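If you're wondering where the values come from, they're calculated on a predicted model, not measured in any experiment.
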Amino acid sequence: MQTMALIGMPGSGKSAVGRIIADRLGWDFLDTDRLIEQRFGLKLQAVIDQVGTEAFSLIEEETVLSLDPAERTVISTGGSVVYSEAAMRHLCSISTVVFLDLPIDAIRSHISLEAPRGIVGMDEGGLEQLYEQRFPLYRRHAQIVVLLDSCTTQEAAARVLSQWKEYVASDRQR
């Protein structure tokens, strides 16, 4: 499949890594969080604050369900997209879904560098609880899991591309 969707926790590098991958492949890049910000004319956290987390989840789901990207597109999704079965089914039907699996300590440091940012569910139980809730969902929906550690975004993009190319090649042989 000639479209790739990146899923993972906030701070896992979906947007930064996705842009690099799109650049290297000469593909388009779509960021669902930016699409929501453009639609509302507000930063993501302001949208969440204004509509609440339940309504935001529906907005995120609608945004993903409306995606019909041209072939050769890298999609960066919001971290909470995995709560929507419909959105994940749609992503799986239009793309190869790649989970950027980053240790929680690395996620914590990335998030603290970028605060404040829109993270659905963060206020309820903190990052650890959010991670515990979402991790099995990311694993379940991903066709490819890319383990990332203390690598740079360039190295992360190279790992994703390497595993994606292997996956695509093995998929063609089936």
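Side-chain heavy atoms closer than 4.5 Å link hydrophobic residues (I, L, V, M, F, W, Y) into clusters, and following such links, possibly through other members, connects L161 to V145. In terms of hydrophobic clustering, with Ile, Leu, Val, Met, Phe, Trp and Tyr side chains grouped at heavy-atom distances under 4.5 Å, L65 and I94 are assigned to different clusters. Under the 4.5 Å side-chain contact rule for hydrophobic residues, V168 and V74 share a cluster.
The side-chain heavy atoms of M88 and I7, taken from C-beta on, include a pair separated by under 4.5 Å. Side-chain contact between P69 and I75 is present, with at least one heavy-atom pair separated by less than 4.5 Å. Inter-residue side-chain proximity for M9 and L102 is flagged as unmet; no heavy-atom pair is nearer than 4.5 Å. You'll find the side chain of L67 stays beyond 4.5 Å of the side chain of T73, heavy atoms only.
A donor atom on one side chain and an acceptor atom on the other are not found under 3.5 Å apart for E60 and S84.
By the ring-ring contact (aromatic ring centres under 6.0 Å, His included) test, F29 is found to be paired with no residue, residues two or more places apart in sequence or in another chain being considered. Residues satisfying the salt bridge (charged side-chain N to carboxylate O under 4.0 Å, His left out) criterion with D68, sequence neighbours excluded, are absent altogether.
Other residues, nucleotides and ligands contribute only 12 or fewer heavy atoms inside 6.0 Å of the CZ atom of R72.
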task: Evaluate side-chain contact (heavy atoms from CB on, under 4.5 Å) for I20 paired with V160, printing each intermediate quantity in order.
output: CA-CA 10 Å; I20 293 167; V160 170; over 6 Å; no
message: Apply side-chain contact (heavy atoms from CB on, under 4.5 Å) to residues V81 and T32 and explain how you reach the verdict.
response: CA-CA 10 Å; V81 71; T32 61; over 6 Å; no
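In this structure, E37 contributes its side chain and K43 its backbone to no donor-acceptor pair below 3.5 Å. K14 places no side-chain N or O within 3.5 Å of a backbone atom of L100 that could act as its donor or acceptor partner.
Rounded to the nearest 0.5 angstrom, T63 OG1 and F56 CZ are separated by 7.5 Å.
The distance between the ring centers of Y138 and Y131 does not fall below 6.0 angstrom.
Shown here for S95 and L91, the closest heavy-atom pair between the two residues is OG-O, 2.6 Å.
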